[in-house]
Amino acid sequence: MEYKLLNRFFFLILILRCTAMVSTVPDDECPDALPAHENCEYDEVCEDASCKYNEYVTCHLNRCGTCEAVYSGYDNMTVNCNQLTPKCRLMHLEMLHKSRNGRSHPGRDRLEVDNVYDPECEENGAFKAKQCDEDSNQCWCVDSAGVRVTDKTSDDPKCEKLVSVHLIQIDFIFKAEFALLKGREEELHRILFSKVSPYIMKIPQILQINIHEMTYEITMKLFCPNGTKEPVDIATVAYYIERDLKQNKFTLPLDGRNIEVDRDSIRVLFFDNEPPRINMKTISPGFAAIIIIIALAILTGIAVFVVVQRRAQQERVQFEVIEGQELEDYNLAQRESLRYYYY
């Protein structure tokens, strides 16, 4: 008897929880211009509905002047499921979802260049220039991808504007032997482009895919295009691609085998319009290593350029000296021949 009562109790809790998650828009909240639509049932609208670009929202029924599904997350803010959810908003809903499910380490399954945090977003879904952590009582400035660009401090940091990211580079490799991928560069490029095409919409010019010949490392570069009517949020596009890579959604079917991405090989690099204002002692070792590698690459390129320029200059000067010496020898020979003629 007690067992049956306990089962009924848990069943009642489950019903109440599900009802709260799929609650409809109350009819009494509909404005006079949009009266409640009759004969509009939840099962007909939300039963098989899903949000294409956001798994952290639930379907709600809107009867005001229509009969349609609307989607919102734990923050009760609606989401447009016909387009990508901005990265800041998606990260916020992720954190809410994981905290509701009791996950104490929400960032362990995701690649980030800095520690994971619950971001504060603008109304349009962009990151606020200043982010803070209530637990540590520290704040810092971020760029348009939400990546920290200043030191964390207990003082109020000066985040006058949101630094723009103009290039994002994603590198990774597949768990496959070179022989399996050799000669299939075009096929590999086509498959990869099809994987990311839902995210780049009608602006394929923002994406460049390179396959390195020797290592078969994949490099995806996302640019901010010039001349577009509306700015492109490449940070959001890169975040969706990164999530799919981490969730093994880039599996390649080759020769009857499913080739997966090596998750440990995934790297995401952000290139801002302004240099970061970070003390190297305060950043994580991984992020520091990335900055050092980029700096060394730049310095190496500059050194090679200087050496080549100096060598070319030395060769030019040496050629001019040889040419001048030959001309002097020629004039001396002419004088000697004339002296012999007059004698």
Side-chain angles (χ1 to χ4, degrees), residues 50 52-55 84 87 90 94 105 107-114 116 145 147 165-225 232-271 284-298 300-301 304:
S50 62
K52 183 177 181 181
Y53 298 110
N54 195 326
E55 67 270 34
L84 302 182
K87 179 181 179 180
L90 189 59
E94 257 184 30
H105 299 283
R108 186 169 292 176
D109 297 333
R110 193 175 68 224
L111 175 69
E112 288 287 349
V113 296
D114 204 357
V116 179
V147 178
V165 177
H166 68 271
L167 170 64
I168 301 177
Q169 179 174 316
I170 305 175
D171 299 325
F172 61 93
I173 60 175
F174 285 97
K175 295 179 180 179
E177 298 178 358
F178 293 160
L180 185 62
L181 301 176
K182 188 175 182 180
R184 295 186 170 183
E185 289 80 7
E186 294 185 3
E187 181 182 1
L188 189 59
H189 189 281
R190 177 179 54 80
I191 295 176
L192 290 173
F193 190 83
S194 66
K195 296 283 187 181
V196 301
S197 58
Y199 303 140
I200 59 178
M201 306 297 184
K202 299 179 180 180
I203 44 175
Q205 67 271 20
I206 72 172
L207 176 67
Q208 178 183 349
I209 301 177
N210 295 324
I211 303 174
H212 299 272
E213 183 177 356
M214 299 300 295
T215 62
Y216 282 92
E217 183 182 36
I218 311 298
T219 296
M220 291 186 177
K221 293 183 178 180
L222 293 165
F223 305 88
C224 283
V232 179
D233 186 5
I234 60 173
T236 295
V237 176
Y239 190 62
Y240 273 88
I241 295 175
E242 178 189 353
R243 291 169 76 241
D244 283 358
L245 286 170
K246 299 295 288 184
Q247 297 172 7
N248 290 328
K249 294 184 178 180
F250 269 68
T251 303
L252 300 179
L254 292 177
D255 293 345
R257 299 169 53 188
N258 291 327
I259 310 302
E260 296 182 352
V261 172
D262 184 358
R263 296 181 57 179
D264 294 333
S265 70
I266 301 173
R267 294 177 302 171
V268 183
L269 305 178
F270 302 88
F271 299 85
S284 60
F287 192 32
I290 292 175
I291 295 177
I292 292 173
I293 291 173
I294 295 175
L296 289 176
I298 295 174
T300 302
V304 171

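Remember, it's a predicted structure, so these values are computed and weren't measured experimentally. Nothing fancy with the numbering, it's 1 onward along the sequence. Side-chain atoms are counted along with the backbone in the values below, which use heavy atoms only and exclude waters and symmetry mates.
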Main chain of Leu167, side chain of Lys221: is a donor-acceptor contact present, judged purely on distance under 3.5 Å? no

Has the side chain of Thr236 got a donor or acceptor atom that lies under 3.5 Å from a matching backbone atom of Lys87? yes

Closest contact, heavy atoms only, [X] versus [Y]:
{"X": "Leu181", "Y": "Tyr216", "result": "O-CE2, 3.6 Å"}
{"X": "Leu180", "Y": "Arg184", "result": "O-CD, 3.6 Å"}
{"X": "Ile173", "Y": "Ser265", "result": "N-OG, 3.0 Å"}
{"X": "Lys175", "Y": "Val261", "result": "CE-O, 3.9 Å"}
{"X": "Ala176", "Y": "Ile259", "result": "CB-CG2, 3.5 Å"}

Using 4.0 Å as the upper bound for N to carboxylate O, is an ion pair formed by Arg267 and Glu217?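 So Glu217 pairs with Arg267 through a salt bridge.
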
Mind checking whether His166 and Phe271 have parallel, tilted or perpendicular rings, split at 30° and 60°? tilted

Relative to each other, are the rings of His189 and Phe193 parallel, tilted or perpendicular (30° and 60° limits)?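 It falls in the parallel class, under 30°.
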
Give the intermediate values and the outcome of side chain to side chain contact (heavy atoms under 4.5 Å, CB included) for residues Ile241 and Met220. CA-CA 10 Å; Ile241 295 175; Met220 291 186 177; 4.1 Å; yes

For the residue pair [X] and [Y], establish whether any side-chain heavy-atom pair is separated by less than 4.5 Å.
{"X": "Ile168", "Y": "Leu269", "answer": "no"}
{"X": "Phe250", "Y": "Leu192", "answer": "yes"}
{"X": "Leu207", "Y": "Tyr199", "answer": "no"}
{"X": "Val237", "Y": "Leu84", "answer": "yes"}

Give, for atom [atom1] of [X] and atom [atom2] of [Y], the distance between the pair rounded to the nearest 0.5 Å.
{"X": "Thr251", "Y": "Phe174", "atom1": "OG1", "atom2": "CZ", "result": "8.0 Å"}
{"X": "His212", "Y": "Thr219", "atom1": "NE2", "atom2": "OG1", "result": "3.0 Å"}
{"X": "Ile209", "Y": "Ile170", "atom1": "CD1", "atom2": "CD1", "result": "10.0 Å"}
{"X": "Ile266", "Y": "Leu245", "atom1": "CD1", "atom2": "CG", "result": "4.5 Å"}

Applying side chain to side chain contact (heavy atoms under 4.5 Å, CB included) to Ile218 and Ile211, what does each step give before you reach the verdict? CA-CA 5 Å; Ile218 311 298; Ile211 303 174; 3.9 Å; yes

Does the ring of Tyr240 carry Arg243 above it, NZ/CZ under 6.0 angstrom from centre and within 45° of its axis? yes

